[in-house]
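Bear in mind that the values here come from a model prediction, so they are computed numbers and not experimental data. Numbers here simply count residues along the sequence, with the first being 1.
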Amino acid sequence: LRSFTLLAFLHPPCYEDPSRQAKARSLIPRQQLEEAAAVYLVKQGQCQPSEAEFRDAVLRHLLIWFKSWFKWVDSPPCPKCHTPTCTFHGNATPSAEDLRWGGQRVELHRCKQCGSTARFVRYNDPAKLLDTREGRCGEWANAFTLCCRALGYDARQVVDWTDHVWTECFSHADQRWLHLDPCEAAFDTPLLYEQGWGKKLTYVFGVGRDGVADIIWRYTRRWDELQHRRTEASESAVAAAVAAVTARARANLSVDERRRLEGRDKQEREDLRGRRGGGREGGREGGERDGVVLGGRQTGSVEWRAARGELGMERGDEGRKGGGGEGSEGKDGRMERRVVDGHIRRLFMAVGDMCRNVVGPDTCGVEAAAGGGARAVLAVAAGAPAARTEPVAAEVAGAQESLDALLSLLSVLRCLPFRSRALPLNDKRCDPFRRILLDAAASTVSSRGGGGAAAAVAAAMAGTASTAVASGNASGRDRSSDGNITTAIATTITTTSSQERPLASSAAPLLSLLTVMGVTIWMEGVEGRDGRGWMVGVKGVGEGEGGVEKGKEDSKGGMEGRKGEGAAAEGEWRYGREAVLAAMAMQAAQEVLPRVKQALAQMRAGSSGGDGDGSWLQCVVQHERVCGGWVTADGENPPNELAIAACDGSLQTKWLHHEGGKGAWMQYRLGGSAPVTVTAYSITSANDCPERDPCCWSLQASTDAGVTWRVLDSQSAVGFSSRHQTRVFPVRPANQSAASLYRLAISAVQDPSCSCLQLACFDLFTSRKLPAQPHNHHAPTTAGAVDVKSEAAKDEEHPRSPVIKPPSSVVTAAAAAAAAAAAREQFAAAVREEFQRLVVEKVPANEAASRALKLVQYRLSQGRQ
C-alpha cells in the first residue's frame, strides 16, 4: 500500500511545471468561463459574490467546458477505413516517442471490417494529453487536474481502488474539498459512485502536491459494508502510509505553511469523521442536497459499463437524491427558485416594437379567436392591402439586413473580454453595422439638411471628425452627463421619410435593441486632442459601480497559501454590474434575433401563420412576457436541467424530469404582489429525444396559494415537428382571470413507453398595453414607459402640433408610397415638437425621446392625430 501511494505521488510534480501550466492556460477560454460564471452567479441571486465564490463558479464552468472539449475513447477509429468498428486485440511494445510522454501502455485495436490495426497510447504526461484531447478516465482526470492547477486552484487527483480516477479542488468559499469528475461533468456529488453507479468502494485516496489523504468517508454512506471490504491492510497501516507520503511531500515547506496545511487536514478529518457518524459537521461537506437523481455511469459503451457493473440501479429503488441549485424551500419541501429574466422581457418588447414599426399600423390587426372573440396572436402582415405590399416588402428586407448587421456586431463584441467589451465604430469588424447606421443617418441629414445626433454620426463615419464634434455638441448639452446618444439617434432616425432607403426606418429599432443589450454609442477622448472618436460597446463595464466588491478572504486567511500563476491578481477578478447584464442580454439576443429573421422571412414569403417562428413573433408583438417569478416542480435533474431552466428564455437549457412521462407539474409564482391575467402561453420542445416532448397538458391558475385550481386551457395530442419548435396557445377570454400562481400540469408525453419528460421553454404572456410597462433603468429604449394618460390630459392646457390626417384612399402603389411619405413627415414634426417641449421642461434627452415617440404613437392609435 505504501509503495502504491509513493508511486502515485511521483506524478503530480508535472502539474507544477510552469511550461505545462502555460500551455494549459493558452487553451482554456478563460474570459468565456469568467463571463459564464458571472452570469451563473447573478441567476443564482449572488450579485455581489466574494472572490472565492466567483472562483468556485469559474471552476464549475471549467468542468462544463472540459467535458465538451475532451473526447472519450473506447476504441480508436480504424486508420484505414475510418469506421468505429475496432475492438481490443492486446497490447504492444511502446516506442521511444511513446515513453517520452509517459506512454508505458499501448493498446492494439483491430478493425472488424478491413482487419487493420490501430494503436491507442495511454499517455500519462498531461501536456501531451492537451494535444491528443482523448482518452478514458485516467487521461481525463490527468489533463483536467493540470487545467485546474494552471488557473491557480489547489487541486489533487483522486485514486479509487476499484478503478476510477477524478479530481478534487479546495474551495476557499466553503472551506472544504469539492468533488469534480470531468468524465461525467459531475460537480460536488461525491455519492455518485456508490449510490448512482452502484460501485463497491474500498479505498479512495486524494494525491496532490501537499501529500496524500484517505478520503473514503466522503464517498460512502454504507459504513458497515465498507469495513468488510477494506482488508488489504489495517487502518493503522493505511494511516501510517498516508502520513509518510505526506511528510515527504511537505519536507521543504516553511513551518508556517506546514502548520496551515496541518490545520486544514485536521478540519477535513473532523468533517469526514462527522459524516461517518451520521452527521455533516456544520454542513461543510456537500453532495447531499435534495433534488439530484444520481444515475449510472454515462461515459463508455453500454457493454463496457455493464461489465464493470456501473450502469447503476433502477431509479426510484435506492437511488440517492442530492445536489441542487440555490433557492428557498417551499411548504412541500421542494426547492423554489427565482427566475432572473428581466432582460428577456425587455428584449421581447424591443423585438415587438421593431416588428410593429416594420409592418406599419395599418397591417397590424387583432384577430378574434374562433368561438369567442378572444384577442389572439397578432397577424403580422396577414391580409395586408395590396397598396402596402411593396413598402412592407422593402421595410422587411431592411429589417432583415439590419438584424444581420446587429448579429455581426454582437458576434464581434462577444469575442472581446466581457469586462472591456467595446471597440471603435470605424473598426473594420463594425462595417456591416456602420453601413446601416450611416445609411439611416445620411437619409435624415439629406431629407432635412439637418444637424443633431444623426448628422454627427454621419459626419464622423464619413471621416469629418471636426464636423462630427461640432454637430455632437450642438445636438444637446444634457447628453454630456453620460455620453450616450444612442436613444437620441434612434429617435432622430425614426422620423426619416426616405422611401428610397428602407434601411433607415429599421435603424431606430435596431438601436433600441442595442440599448436593451446595454450596447451604446458614445464619444471617447478629449476634445481638441488626437484619439477622440466614436465607440460602440458596453460603456463603463470595468468601473465596478453597483457591481462586485472585493472579498475579505485574504484577511481571514482563507485565500492564503501558494497560488499558481493562473490565480487572479489583486482586483483582476472584479467586474461591473453592467458587464454581467450586457453579457446576459447579448447571449439571449444571439438566440432570439435569428428567430426574428426566420419569422420575417416567412412574412416576406407571404406566410405569417403556423406554429413556428411566425406565430411566436406574432405573440411577441401582441403580448408582454411575464418575468421575475419563482419556479418549482415535482421533479427535475440538477444541477443543470432544473425546472427554472424552462423559464429562463434560453433554448440552450431545458427542464428534464426523469419520472415525468406519466405525469408532472411545474408551478410559476409571480414575483410581484399584483396578480396578472395570462392571455397566452408558449411551449418549446427541447434539443433532443422527441419521445420526451409533452403532448397532453392543462394550464391552471390559483388565487388562494394553490389550495384550489382553475383550468385556463387544455391541450391534447399536441405534436412538435422539429427540435426547438415553439407552439403558442391563446387563453380564451372566458377563462382569463387574474392570478398570482400558475401551474402547467402535464399528463402525457409523445411516447407512452417513455418515462422522461423534457421541454426547453415555458413562457407566460399577458396582453401588452400601449404604452409598455416600465423598463429597467439599465436599458432605456424608445419603448420605455410613458404615462400617456397624464400626458394626454395636458392636451387641452398645452395645444399640440396640427392633427395628422390619414391619407385618402389610393389606387396605385406609387400613390400609396407618396401618401406614406407625407404621413411620416407629419409624424416626424409631431415627435420633434413633443421632444423639444419635454427638453424645455428639463426632461433628460433619452427619456424625452422615448416619451415623445410613445405619446405621438398613442395619439395616433386613438385617432387624435
Side-chain angles (χ1 to χ4, degrees), residues 344 348 369-370 376-377 380 588 591-602 605 607-620 622-623 625-626 631 633-637 640-666 668 678 680-700 711-731 742-765:
I344 301 293
F348 277 23
V377 217
V380 181
E591 291 185 18
V592 171
L593 297 187
R595 300 179 68 187
V596 178
K597 282 182 54 183
Q598 180 65 28
L600 291 176
Q602 293 179 11
S607 172
S608 61
D611 293 316
D613 292 324
S615 64
W616 167 80
L617 182 58
Q618 294 169 16
C619 183
V620 169
Q622 177 66 21
H623 295 79
R625 186 179 183 273
V626 179
V631 178
D634 66 338
E636 51 192 6
N637 185 39
N640 299 320
E641 295 167 333
L642 306 172
I644 195 176
C647 302
D648 63 2
S650 173
L651 298 178
Q652 305 307 314
T653 59
K654 67 181 179 183
W655 170 41
L656 175 60
H657 188 337
H658 283 293
E659 304 296 333
K662 305 303 180 183
W665 56 262
M666 175 200 302
Y668 188 97
V678 169
Y681 67 99
S682 67
I683 294 179
T684 304
S685 59
N687 61 321
D688 59 4
C689 302
E691 67 275 7
R692 300 176 179 177
D693 292 341
C695 70
C696 301
W697 66 79
S698 65
L699 179 67
Q700 306 168 2
V711 176
L712 304 182
D713 182 63
S714 297
Q715 298 291 332
S716 61
V718 178
F720 294 85
S721 59
S722 61
R723 299 300 81 205
H724 289 156
Q725 181 191 9
T726 301
R727 300 288 303 269
V728 180
F729 306 93
V731 177
Y742 290 88
R743 179 168 69 180
L744 179 67
I746 300 172
S747 56
V749 294
Q750 297 294 333
D751 185 352
S753 64
C754 180
S755 63
C756 295
L757 161 72
Q758 67 178 22
L759 57 91
C761 293
F762 169 57
D763 295 325
L764 298 174
F765 295 91

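- The aromatic rings of Phe729 and Trp697 sit perpendicular, their planes meeting at an angle over 60°, well past the 30° parallel limit.
- A donor-acceptor pair under 3.5 Å is absent between the side-chain atoms of Glu636 and the main chain of Leu656, judged by distance alone.
- The nearest pair of heavy atoms linking Arg727 to Gly719 is NH1-O, 2.6 Å.
- Nearest heavy atom pair, residue Ala646 against residue Met666, reads CB-CE, 3.7 Å.
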Working note: Arg723 + Asp693, criterion side chain to side chain contact (heavy atoms under 4.5 Å, CB included); need CA distance, chi angles, decisive distance, verdict. CA-CA 10 Å; Arg723 299 300 81 205; Asp693 292 341; 2.4 Å; yes
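- Using modelled atom types, one side-chain atom of Ser685 and one backbone atom of Ser722 make a donor-acceptor pair closer than 3.5 Å.
- Atom CD1 of Ile644 is separated from atom OG1 of Thr653 by 9.5 Å, given to the nearest 0.5 angstrom.
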Going through the distances and angles, do Leu757 and Arg692 end up as a side chain to side chain contact (heavy atoms under 4.5 Å, CB included)? CA-CA 5 Å; Leu757 161 72; Arg692 300 176 179 177; 5.8 Å; no
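- Between the side chain of Glu691 and the backbone N or O of Asp751 there is no donor-acceptor pair closer than 3.5 Å.
- Taking 4.5 Å as the limit, every side-chain heavy atom of Val592 sits out of range of all side-chain heavy atoms of Val620.
- Contact annotation: the side chain of Gln622 never approaches that of Phe765 to less than 4.5 Å [non-hydrogen atoms, C-beta and beyond].
- For the atom pair OH of Tyr681 and CG of Leu764, the computed distance is 10.0 Å after rounding to the nearest 0.5 Å.
- Side chain to side chain, Thr726 and Thr684 meet the donor-acceptor criterion of an N or O pair below 3.5 Å.
- Remark: Leu699 CG to Ser714 OG distance equals 9.0 Å, nearest 0.5 Å.
- Proximity of a side-chain donor or acceptor of Glu641 to a complementary backbone N or O of His657 within less than 3.5 Å is not detected.
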What's the verdict on side chain to side chain contact (heavy atoms under 4.5 Å, CB included) for Tyr742 and Val626, showing C-alpha distance, side-chain angles and the deciding distance? CA-CA 11 Å; Tyr742 290 88; Val626 179; over 6 Å; no
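- Between the CD atom in Gln725 and the OG atom in Ser615 there is a gap of 8.0 Å [rounded to 0.5 Å].
- In this structure, Glu591 contributes its side chain and Leu651 its backbone to a donor-acceptor pair below 3.5 Å.
- Once rounded to the nearest 0.5 Å, the distance linking CH2 of Trp665 with OG of Ser698 reads 13.0 Å.
- Rounding to the nearest 0.5 angstrom, the gap separating the OG atom in Ser682 from the NE2 atom in His623 is 10.5 Å.
- The nearest pair of heavy atoms linking Ala686 to Lys654 is CB-CD, 3.9 Å.
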I'd like to know whether Leu744 forms a side chain to side chain contact (heavy atoms under 4.5 Å, CB included) with Ile683, so could you lay out the CA-CA distance, the side-chain angles of the two residues, the decisive distance to 0.1 Å, and finally the verdict. CA-CA 10 Å; Leu744 179 67; Ile683 294 179; 4.0 Å; yes
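- Judged by distance alone, the side chains of Ser650 and Gln652 never bring a donor and an acceptor atom under 3.5 Å apart.
- The backbone N or O of Val749 lies less than 3.5 Å from no partner atom in the side chain of Lys662, so there is not a single donor-acceptor pair.
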Given Arg743 and Asp634, is the salt bridge (Lys or Arg N to Asp or Glu O under 4.0 Å) satisfied, shown in steps? CA-CA 11 Å; Arg743 179 168 69 180; Asp634 66 338; over 6 Å; no
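- The salt bridge (charged side-chain N to carboxylate O under 4.0 Å, His left out) check on Arg625 picks up Asp341, Asp763, with sequence neighbours excluded.
- Under a 3.5 Å cut-off, the side chain of Arg595 and the backbone N or O of Leu617 do not form any donor-acceptor pair.
- In this structure, Phe762 and Cys647 approach most closely via the heavy-atom pair O-SG, 3.9 Å.
- Side chain to side chain, Asn637 and Gln758 fail the donor-acceptor criterion of an N or O pair below 3.5 Å.
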